[in-house]
Colleague: 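Dumping the structure here so I can ask a few things about it.
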Amino acid sequence: MKKRLHVISFDNLYPPKYGGIIDVYYKIKTLSALDIVIYLHIFGNQVAEEELELKKYCKEIYYYPRNNTFLSLFSFIPFRVKSRVSKQLVKNITKTKAPILYEGLHTTHSLAFSNFKNTFVRAHNVEHTYFYGLAKSEQNIFRKLFYFIEGKKLERFEKKLEKTTTIFTISKEEQTYFSAKFKEKAVYIPAFHDATFLESKNSKGNYILWHGDLRVSDNVKSVLFLIEVYKDSNYHFKIASSTMHSSIKKKITNIHSIEFIDLKRGEVDLFTLINEAHINVLYTFQNTGIKLKLLNALYKGKFVLGNSLLIKNTGLESVCEEANNKSEFLKQTKSLFNQEFTVKDLQKRKKVVAPFSPELNAEKIKKIIFPH
């Protein structure tokens with residue numbers, strides 16, 4: 001008899017455009033390949049293109065609207081949890097007896113307030129730490145206040161995870177945190193992603209690339225820092241995102257060596273951009289989770305340059321270059337442009353990233369959820 005599993009996603013999955021959703025999409029895809037029958041529940045809009053893609057991996061797909069009403073802000077329950085409450089979800093889960101995998105703390109309302117057994121939670125972050133970090137990075141006073149209050153609510157709500165069977169942590173930092181709080185319930189399972197290597201046709205590129213979601217305040221702050229690093233240099237610096245931020249647009253308007261690539265237009269493939277860059281540069285002000293863009297850069301690109309908060313305790317330190325201030329970034333950039341990315345570099349990288357194999361980690365999840 002085939003194994004059956006409910007998966008509850010916090011957002012639409014296809015195309016997989018950002019960190020958490022990349023993890024959910026490739027996890028479903030890989031678990032399906034292990035003959036697990038998936039009943040997928042999505043808090044998002046029903047999209048024909050997405051449904052067509054996901055039907056390759058899921059037996060049933062259910063959609064639930066988010067309740068983003070103003071009144072939800074005043075609940076003791078975190079807004080990102082409160083906005084994902086659905087009685088229909090509970091009914092649909094009850095129809096098919098199977099373990100439940102909650103993607104992120106934000107989908108766990110039915111875990112907290114129902115009596116479901118055999119439940120599992122994928123912790124995409126230490127959520128309250130992430131929100132405190134957003135509050136610190138945010139310039140808008142109202143958003144800053146919202147992020148701080150939301151962080152407080154998430155910190156309190158996190159206690160509900162006592163009810164779950166297992167917490168799948170996404171990074172070693174999260175594993176340390178959750179194992180201290182929830183003991184043996186916490187199990188480290190690295191991020192799922194597109195783990196196919198895109199080998200470079202050329203050993204050298206002629207530009208530096210940053211890619212990411214500019215709706216996130218930490219990313220905006222990071223790009224503003226990198227603009228300061230490269231604005232007076234002769235390096236061609238490309239910023240690729242599906243959204244533009246006004247502060248970044250203002251900063252780069254008269255800097256001819258810095259270019260914004262709008263990924264929404266679909267004129268340039270992101271993986272091609274990553275592959276053809278000589279350096280994929282990354283920066284963060286928060287050490288929460290693992291940045292999926294780091295794995296993307298390592299699988300699809302040449303040299304990777306980032307700061308210690310992004311690289312440390314990932315297991316990927318030996319295949320990344322580190323810099324933490326403007327002078328270090330410029331020094332490392334100069335050094336890397338004097339090097340070629342060789343077959344030997346690629347062979348070393350393949351060995352180091354082996355623990356991040358989706359197939360390997362899907363097998364681990366299967367054994368934990370279905371021990372018999």
Side-chain angles (χ1 to χ4, degrees), residues 4-66 68 80 83-84 86 88-89 92-93 98 100-104 106-107 120 122 124-125 168 170 189-198 211-216 219 240-243 261-275 289-297 299-300 356-359 361-362 365:
R4 300 185 294 182
L5 178 67
H6 291 288
V7 179
I8 307 175
S9 174
F10 52 85
D11 201 353
N12 289 94
L13 294 181
Y14 189 82
K17 294 183 289 188
Y18 66 92
I21 284 307
I22 292 170
D23 178 68
V24 181
Y25 173 77
Y26 285 103
K27 189 184 306 116
I28 284 170
K29 189 175 179 179
T30 319
L31 288 172
S32 171
L34 296 178
D35 285 332
I36 295 174
V37 179
I38 294 171
Y39 297 79
L40 179 60
H41 307 263
I42 298 173
F43 282 100
N45 301 314
Q46 189 165 358
V47 182
E49 180 192 10
E50 175 187 52
E51 203 163 1
L52 192 65
E53 171 68 15
L54 295 177
K55 278 183 177 176
K56 298 174 188 174
Y57 317 115
C58 305
K59 182 175 177 62
E60 299 287 350
I61 304 166
Y62 304 96
Y63 290 88
Y64 311 94
R66 293 235 356 235
N68 292 323
R80 58 180 12 206
S83 63
R84 293 177 175 87
S86 172
Q88 189 58 48
L89 167 72
N92 288 337
I93 288 174
I100 306 166
L101 174 58
Y102 292 90
E103 290 290 346
H106 19 330
T107 65
F120 303 83
R122 169 55 135 183
H124 287 267
N125 279 305
F168 296 124
I170 202 167
I189 302 287
F192 286 79
H193 58 106
D194 180 359
T196 52
F197 276 93
L198 191 60
H211 73 279
D213 185 354
L214 288 175
R215 294 173 300 175
V216 178
N219 286 342
S241 183
S242 298
T243 53
I261 309 290
D262 187 351
L263 295 175
K264 255 193 316 195
R265 292 185 180 179
E267 294 167 0
V268 182
D269 177 65
L270 175 60
F271 287 167
T272 302
L273 272 176
I274 293 170
N275 186 250
I290 185 167
K291 308 302 178 188
L292 266 294
K293 51 181 174 273
L294 172 59
L295 287 171
N296 266 344
Y299 274 82
K300 313 300 180 194
F356 291 83
S357 160
E359 291 75 20
N361 291 305
I365 287 179

Colleague: Would you mind writing out the side-chain donor-acceptor pairs for residues 28-40 within the sub-3.5 Å range, not counting sequence neighbours?
Modeller:
residue	atom	partner	partner atom	Å
Thr30	OG1	Tyr26	O	2.5
Ser32	OG	Tyr57	O	3.4

Colleague: Taking only residues two or more places apart in sequence or in another chain, which ones pass ring-ring contact (aromatic ring centres under 6.0 Å, His included) with Tyr14?
Modeller: Tyr25
Colleague: Kindly give the heavy-atom pair with the smallest separation between Arg122 and Ile189, and that separation in Å.
Modeller: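 Closest heavy-atom pair between Arg122 and Ile189: NH1-O, 2.7 Å.
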Colleague: Calculate, to the nearest 0.5 Å, the distance between atoms CD1 and NE2 belonging to Ile170 and His124 respectively.
Modeller: 5.5 Å
Colleague: Among residues at least two apart in sequence or on other chains, which ones pass side-chain hydrogen bond (donor to acceptor under 3.5 Å, both in side chains) with Arg215?
Modeller: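 Result, side-chain hydrogen bond (donor to acceptor under 3.5 Å, both in side chains) vs Arg215: Asp213.
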Colleague: What are the two closest non-hydrogen atoms of His106 and Arg84, and how far apart are they?
Modeller: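 Distance-wise, the nearest heavy atoms are O-CD, 3.5 Å.
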Colleague: Does any part of the side chain of Tyr64, heavy atoms only, come nearer than 4.5 Å to the side chain of Asn92, both counted from C-beta?
Modeller: yes
Colleague: Drop me the distance from Ile42's CD1 to Ile61's CD1, to the nearest 0.5 angstrom.
Modeller: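 Answer for the CD1-CD1 pair, Ile42 versus Ile61, is 6.0 Å.
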Colleague: Could you list the residues that satisfy side-chain hydrogen bond (donor to acceptor under 3.5 Å, both in side chains) with Arg80, not counting sequence neighbours?
Modeller: Glu127
Colleague: Decide yes or no for Phe192 and Asn361: does some side-chain heavy atom of the first lie under 4.5 Å from some side-chain heavy atom of the second?
Modeller: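 The answer is yes, as the side chains (C-beta and beyond) meet within the 4.5 Å cut-off.
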Colleague: Where is the tightest heavy-atom contact between Ile274 and Ala297, given as atom of each residue plus distance?
Modeller: CG2-CA, 3.9 Å
Colleague: Which value, rounded to the nearest 0.5 Å, describes the distance between Lys55 atom NZ and Glu60 atom CD?
Modeller: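 So the gap between those two atoms works out to 9.0 Å.
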Colleague: Quick check: closest heavy atoms across Leu198 and Asn275, and the distance to 0.1 Å?
Modeller: O-ND2, 2.8 Å
Colleague: Quick one: side-chain contact (heavy atoms from CB on, under 4.5 Å) partners of Asn68, sequence neighbours excluded?
Modeller: Arg66, Phe79, Ser83
Colleague: Kindly give the heavy-atom pair with the smallest separation between Ser9 and Thr107, and that separation in Å.
Modeller: C-CG2, 4.0 Å
Colleague: If you take all heavy atoms of Ser241 and Gly212, which pair is closest and at what distance?
Modeller: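 Of all heavy-atom pairs spanning Ser241 and Gly212, the closest is OG-O, 2.8 Å.
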Colleague: Can you measure from CD1 (Ile22) to NZ (Lys293) and round to the nearest 0.5 angstrom?
Modeller: 9.5 Å
Colleague: Identify, with sequence neighbours excluded, every residue that meets side-chain hydrogen bond (donor to acceptor under 3.5 Å, both in side chains) alongside Tyr63.
Modeller: Glu50
Colleague: Measuring from atom CG of Leu13 to atom SG of Cys58, what distance do you get when rounded to the nearest 0.5 angstrom?
Modeller: 8.0 Å
Colleague: Any side-chain heavy-atom pair from Arg4 and Lys59 closer than 4.5 angstrom?
Modeller: no
Colleague: Among Leu270, Ile261, Asn219, which residue meets the side chain to side chain contact (heavy atoms under 4.5 Å, CB included) test with His211?
Modeller: Leu270
Colleague: Determine yes or no for a side-chain-to-main-chain donor-acceptor pair under 3.5 angstrom, with His193 supplying the side chain and Phe356 the backbone.
Modeller: yes
Colleague: Please find out if less than 6.0 Å separates the ring center of Phe43 from that of Phe10.
Modeller: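 They do not qualify: ring centres at least 6.0 Å apart.
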Colleague: Does Phe271 reach the side chain of Asp194, with side-chain heavy atoms less than 4.5 Å apart?
Modeller: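 Phe271 vs Asp194: side chains touch.
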Colleague: Check whether the side chains of Lys300 and Thr272 place a donor and an acceptor atom closer than 3.5 Å, and report yes or no.
Modeller: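 Side chains of Lys300 and Thr272: no pair found under 3.5 Å.
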